[in-house]
Each structure stands twice: as C-alpha cells, then as structure tokens.
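The structure appears below as structure tokens.
Residue numbers run from 1 in the order of the sequence given. Just so it is clear, the structure is predicted and the values come from calculations on it, not from any experiment.
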Amino acid sequence: MVVILLGPPGVGKGTQGDKLLEDLQWEKIATGDLLRAARREGTELGKEAQSYMDAGELVPDDVIVAMVEEKLASLPAETGVLFDGFPRTVPQARELARVLPKVDRELDAVILFEAPDQVLQKRISGRRHSPDSGRIYNIYFDPPEEEGICDEAGTALVHRDDDKPETVTRRLRVYREQTEPLVAHYRESETPVLMVDGDQEMDQVQADLRRVLSDTLGVEVSPA
Ligand code: AP5
C-alpha cells in the first residue's frame, strides 16, 4: 500500500501521519523531516537544502527524488508507505510514478487535507517540535505538560526556522502555485483523491482519516 498525504503547510499531515502509524506498521517518508535531519547532521544535502527551506521555497526536484528513491529502496516490499510532503510538484509526481514500479509498488491513493489560510497561520505560529523524539506540539492546541519541554524526551522544544510569519506566507503561496496542481494531476490520472477536512479537532481529523483508509482502501485500522 502506498498513500500520499497532501495538503498545505500546517494542515496536520505530520501530526495525523504520526498518530495513524501508532496503529499501523507502515513507514512514513516525510521529506521535510529527512531534510531537517540532514541539516542537523551538516551533510552536503542539508547544506544545499538550507537556503531554500529558510526562504520558504522548494528544494530542487532532483535532490528530493534521489533522497526518496534511496529511502524507498531500503524498505521491505511488504511495508506500507505513507508519504508526507512528497510529491510537491508535478515533476516529482511523474518521478514517483517512474520509481514505484522499480520497487514493485503502485500508488493507491492521495489523501487531501484542507483548512483556511488563517487557521494554518495560527497553527504554524504555535507549533513547537522535539528534535529528539520527533513529536509535534502546539502551544495553543496541544501543549506539552511542562512549557517548552518534550513530554517524551525531556529536552527543549524548538520553533522551526521556516515558521516565521513572512516565510509561512511564502510557503502557502508556493503550495497554491506548485503543489495544489497535483490534485488535478492525480484526478486526471484516475488515482483516487480522498478528501479529509483538516479544519476540525485533531481527534476528529484522525477518525476521518482512518474511516477513509478503511472504507475506501480496505486498510485494517481501528477507529480512532
Ligand atoms: P515540510 O516539513 O514538509 O513542511 P510543510 O509541508 O510546509 O508542512 P508542515 O510540516 O508545515 O505542516 P503539517 O501539515 O505537517 O502540519 P503539522 O502536523 O506539523 O517542508 C518544509 C520545507 O522543506 C519546505 O518548505 C521545502 O523547502 C522543503 N521540502 C520538503 N519536502 C519537499 C519536497 N517534496 N520538494 C521540495 N521541497 C521540499 O501541524 C501544524 C501545527 O498545527 C502543529 O503545531 C500541530 O500540533 C497543530 N495542529 C495539527 N492539526 C491540528 C488540529 N486539527 N487542530 C489544532 N491544531 C492542529
């Protein structure tokens, strides 16, 4: 099974993907997380990606596709794959379609989350994450027990460099211009595009995501 989580910055792709994988032994391939890990490790890839990410621009397609291809090739064939933040352009989608058959896989569905821009801005301004546990928090909607400290890792939470208001505005524009056309691309290619309303309480979004996966794709997952 291969499923893409698609939607604007801050809509909850990372949060919902993580909650889902608490119950499903799939692998999440989140290109933003892979790039941030490469930056922390100071690799060439991380250095190349930094200026694009800080400006709210997309990292070049060839860099991203090489990273995803390597990750996909490392997974056992029976492991389901959940993409978060990839593909993000029509050329990336075409590359994914070329790469999947090489690892005996095919795309099953795209799940599209939506929420209004002012909701996304507020969520992003409140987002904090733990580089040690990977857990995502929100100071308004999902705070840690102790301010600024991860409940799991016990270490300091950080505010992403690209979560500054002016960069967020740029990221939202880039999403509408370069990523949203993927919806039409997948509809034309007859890949199921399944809608989930991202502008609801987190638990309700998770329940809707699981219902869509189970009812439409037959994925065996318990209701949230
Ligand atoms: P990436 O890390 O992929 O960021 P993004 O797509 O902009 O998505 P976000 O992580 O901002 O949002 P999300 O939908 O995961 O929301 P989250 O769950 O955190 O990419 C970063 C950068 O890397 C890009 O700008 C680009 O430069 C580069 N990049 C990555 N992939 C690339 C690619 N394929 N090609 C080229 N470049 C690429 O939730 C947000 C906040 O809201 C959290 O605080 C959360 O707690 C809260 N929240 C979530 N759901 C709810 C809810 N229902 N109610 C209230 N609060 C909620």
Subject >> Pair Asp161 + Arg39: basic N to acidic O under 4.0 Å >> reply: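 Answer for the salt bridge query: yes.
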
Subject >> Lys/Arg N to Asp/Glu carboxylate O, Asp117 vs Arg176, below 4.0 Å >> reply: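 Yes, Asp117 and Arg176 are salt-bridged.
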
Got a donor-acceptor contact below 3.5 angstrom from the [X] side chain to the [Y] backbone?
X      : Y      : value
Glu145 : Asp151 : no
Thr31  : Gly85  : yes
Glu95  : Val65  : no
Arg88  : Leu58  : no
Gln16  : Met202 : yes
Arg135 : Glu152 : no
Glu27  : Leu82  : no
Glu147 : Pro144 : no
Lys13  : Gly7   : yes

Subject >> Ring-face cation contact, Phe83 with Lys28, 6.0 Å cut, 45° max >> reply: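 Verdict for Phe83: no cation-pi partner in Lys28.
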
Original post:
Under 3.5 Å, is there a donor-acceptor pair linking the side chains of Thr167 and Asp162?
Top reply: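 There is no such pair between these side chains.
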
